[in-house]
Amino acid sequence: MSNIVIAGPRGNMGKEAVKMAESTNSFTLTAVVDRKNGGMLMKDVPGMEPLNIPVFEDLEECLQRVECDILIDLTTPEHGKNHMLTAFDYGVRPVVGTTGFTDDDVHELERIAQEKKLGAIIAPNFAVGAILMMKFSQMAARYMPDVEIIEQHHDRKLDAPSGTAAKTAQLISEVRETKQQGHPEETEQITGARGADFEGLRIHSIRLPGLVAHQEVIFGGEGQTLKIRHDSMNRASFMPGVKLACEAVLNLDHLVYGLEHIIE
């Protein structure tokens, strides 16, 4: 039985994570961490599940007072990093769905996890289908190096491009030489029209109400195109991946960035 604490329980992802933890026989939800409502029970907070689970505003206080094996963090990059550092101090294994970490952040967290021999997972995307989309895209890029990424998310998302798009581009770059795409003399009549440039690969970010999380990777070749697309219709689509990460992190002694590393 694994004791779970969830940070960010009022967000759309956090609400689904609470349901997942409560419905999984091998998990026990011991507390949640919220930026307000400390000292209350979840059942007394509007918008939270009707559970007799304590709410804390400070993660350190939470870990001092309840049993915790795994922290599920679904907050922001700023809070996510601090929460990971606190979790490491208390011997807790973090599973983090927050995107927007810098390379320096990830390297620092990797070093600390290795020093403490604690498992940790940062996943830009928990949808298993999205992980497969990234893997298939890397496979295709070996043979079709002309590629662009279009990612679409709800208009409340703070970072652009998405962590999934950035991770997809990074995976593609491992098998694709830097290549400037488009006409060598092309110009942007409006700045940004061609999207972000990642080693010649273009990434386009769309933000609109009504969207959840969607990505299309488009490859072009002589007389042909290939499109690999994934769509998350709701946040429940991420929960099998969160559950998988929580189970996997118990058997790790280092930080893993990206769910693709624990999916064969």
**Prompt:** If you draw a 6.0 Å radius around CZ in Phe136, do more than 12 non-hydrogen atoms from other residues or ligands fall strictly inside?
**Reply:** no
**Request:** Measure the shortest side-chain to side-chain distance between Thr75 and Thr98 over non-hydrogen atoms and say whether it is less than 4.5 angstrom.
**Result:** yes
**Request:** Evaluate the side-chain contact (heavy atoms from CB on, under 4.5 Å) criterion for residues Met40 and Met48: first the C-alpha distance (whole Å), next the side-chain angles of each, then the deciding distance (0.1 Å), finally the verdict.
**Result:** CA-CA 11 Å; Met40 301 178 69; Met48 287 194 187; over 6 Å; no
**Prompt:** If we only count heavy atoms from C-beta on, is the Phe126 to Ile131 side-chain gap below 4.5 Å?
**Reply:** no
**Test item: Glu148 and Leu201 side chains (from C-beta on) under 4.5 Å apart, heavy atoms** = no
**Request:** Over all heavy atoms of both residues, which pair between Ala141 and Ile172 is shortest? Give the atoms and the distance, please.
**Result:** CB-CG2, 3.6 Å
**Taking every non-hydrogen atom, the tightest pair across Leu250 and Ser2** = CD1-OG, 3.3 Å
**Request:** May I ask you to check whether over 12 heavy atoms, not counting those of Glu67, lie within 6.0 Å of atom CD?
**Result:** no
**salt bridge (Lys or Arg N to Asp or Glu O under 4.0 Å) assessment of Glu49 paired with Lys43** = CA-CA 6 Å; Glu49 290 291 302; Lys43 67 178 184 179; over 6 Å; no
**Asked** Between Lys116 and Phe88, which heavy-atom pair has the shortest distance, and what is it?
**Response** CD-O, 3.5 Å
**Message:** When you compare the side chain of Ile206 with that of Ile150, does any pair of heavy atoms fall below 4.5 Å?
**Reply:** yes
**Asked** Do NZ/NE/NH1/NH2 and the carboxylate oxygens of Lys179 and Glu199 come within less than 4.0 Å?
**Response** no
**Request:** Taking atom CZ of Arg111 as the centre, report whether more than 12 heavy atoms of other residues, nucleotides or ligands fall under 6.0 Å from it.
**Result:** yes
**Message:** With heavy-atom distances below 4.5 Å as the criterion, would you say the side chains of Phe27 and Met20 are in contact?
**Reply:** yes
**Request:** Could you go through the side-chain contact (heavy atoms from CB on, under 4.5 Å) check for Thr225 and Phe219 one step at a time?
**Result:** CA-CA 5 Å; Thr225 61; Phe219 297 86; over 6 Å; no
**Asked** Does the pair Met42 and Asp44 meet the rule for a side-chain contact (heavy atoms from CB on, under 4.5 Å), with working shown?
**Response** CA-CA 5 Å; Met42 289 185 69; Asp44 299 321; over 6 Å; no
**Prompt:** Is Glu177 atom CD crowded by more than 12 heavy atoms from other residues, nucleotides or ligands, each under 6.0 Å away?
**Reply:** no
**Message:** Check Glu174 with Arg142, please: is the shortest side-chain N to carboxylate O separation under 4.0 Å?
**Reply:** no
**Message:** Do the side chains of Asp159 and Lys157 get close enough for a salt bridge, i.e. N-O under 4.0 angstrom?
**Reply:** yes
**Message:** Ignoring hydrogens and geometry beyond distance, is a side-chain donor-acceptor pair present between His79 and Thr76 at under 3.5 Å?
**Reply:** yes
**Asked** Quick one: are Leu252 and Leu118 in side-chain contact, heavy atoms under 4.5 Å?
**Response** no
**Message:** For a quick test of reading the model, state the closest non-hydrogen atom pair linking Gln181 to Arg194 and the distance between them.
**Reply:** O-NH2, 4.2 Å
**Message:** Whether Glu57 and Lys36 form a salt bridge (side-chain N of Lys/Arg under 4.0 Å from carboxylate O of Asp/Glu) is what I want to check.
**Reply:** no
**Fill in**
When Leu74, Leu109, Ile72, Asp73 are each screened for side chain to side chain contact (heavy atoms under 4.5 Å, CB included) with Val96, the one that passes is Asp73
**Message:** Please tell me whether Tyr257 and Glu110 have a donor and an acceptor in their side chains that are separated by less than 3.5 angstrom.
**Reply:** no
**Criterion side-chain contact (heavy atoms from CB on, under 4.5 Å) on Gln152 and Leu208, from CA distance to verdict** = CA-CA 8 Å; Gln152 305 176 47; Leu208 289 171; 5.8 Å; no
**Asked** At their closest point, which heavy atom of Leu171 faces which heavy atom of Gln138, and how far apart are they?
**Response** O-NE2, 2.9 Å
**Message:** Tell me whether Lys167 is salt-bridged to Glu260, with the criterion being a basic N under 4.0 Å from an acidic carboxylate O.
**Reply:** yes
**Item:** Minimum heavy-atom distance Val32-Ile53, with the two atoms named
**Value:** N-CG2, 4.2 Å
**Prompt:** Does the side chain of Pro161 come within less than 4.5 Å of Phe198's, by heavy atoms?
**Reply:** no
**Asked** Taking side chain as C-beta onward, heavy atoms only, is Thr164 less than 4.5 Å from Met133?
**Response** yes
**Prompt:** Are the charged groups of Arg207 and Glu151 less than 4.0 angstrom apart, N to O?
**Reply:** yes
**Cationic N near anionic O, under 4.0 Å, Arg93 to Asp69** = no
